[in-house]
Amino acid sequence: HVYRVDFDGSSPTSRRSYTGDPTWTDYTIQAKVKIESPIADGRWGMLMARWQDSRNYYYLAFQGDGRLRIREYVDGSSNTLGTVDPELTRDTWYTLTLEVSGETTTTLRAYVDDTAVLTVTDPLTPFLSGQCALGSYEGDVQFDDVIVTDLSIFGLTVSKAGSGTGTVTSVPEGIDC
């Protein structure tokens, strides 16, 4: 079943549905997302992470102009942490993923169809845990195939054995030998 958020022009202008545990820390929220015409360039569908309440969370905004932004919403005010223009189009399904991790600062990574397109860090006002959510700001948006993955259960220890040399490449970044 498809989850649909319709904006009828009335208040509130932002529509959100959230779920999960407030103690969640490192995870991804992924969904197929389609923003529908007509939606203004400055309006968006969003995947949210480390949701505290309706005034405090991070989000990946899929805007009507095709750009993606990772933003934070702190005490009811938005701040853009990073923007990328992967030239997405309205009325087209994309698999979007927002990955969130970190214990003292928060690192957020955006993916489009399994390709990383934007990484940002929030060292100043990091939310270190929280729920996840879907929603829109003044736009009609559809979501399908929503998946939340706990990243903390995939721990890995790498150690060098022997005298060989080589390179380790990891996604997400962070494994180093």
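Worth saying up front: this structure is predicted, and the values here are computed from it rather than measured. Scope of the values below: all heavy atoms of this structure, side chains included, with no hydrogens, waters or symmetry mates.
Here D26 pairs with R50 in a salt bridge; the nearest charged N to carboxylate O distance falls below 4.0 Å.
With hydrogens and angles ignored, the 3.5 Å screen pairs no side-chain donor or acceptor of T119 with any backbone N or O of R109. Although no hydrogens or angles enter the test, the distance criterion places a donor-acceptor pair under 3.5 Å between the side chain of Y58 and the main chain of F127. Side-chain N or O atoms of Q131 include none that pairs as donor or acceptor with a backbone N or O of T23 at under 3.5 Å. Side-chain N or O atoms of D113 include one that pairs as donor or acceptor with a backbone N or O of T95 at under 3.5 Å.
Taking a 6.0 Å sphere around CG of D91, one finds it holds more than 12 heavy atoms contributed by other residues, nucleotides or ligands. The environment of Y94 atom OH is dense: over 12 non-hydrogen atoms of other residues, nucleotides or ligands sit within 6.0 angstrom.
Of the listed residues (R43, R90, R4), just one forms a salt bridge (charged side-chain N to carboxylate O under 4.0 Å, His left out) with E36, and that residue is R4.
Interatomic distance, D144 CG to W93 CH2, rounded to the nearest 0.5 Å: 5.0 Å. Distance check: T80 OG1 to R69 CZ gives 4.5 Å after rounding to the nearest 0.5 Å.
Minimum heavy-atom separation, I29 to L47: O-CD1, 3.7 Å.
Inspection of the D150 and S152 side chains reveals an N or O donor paired with an N or O acceptor under 3.5 Å.
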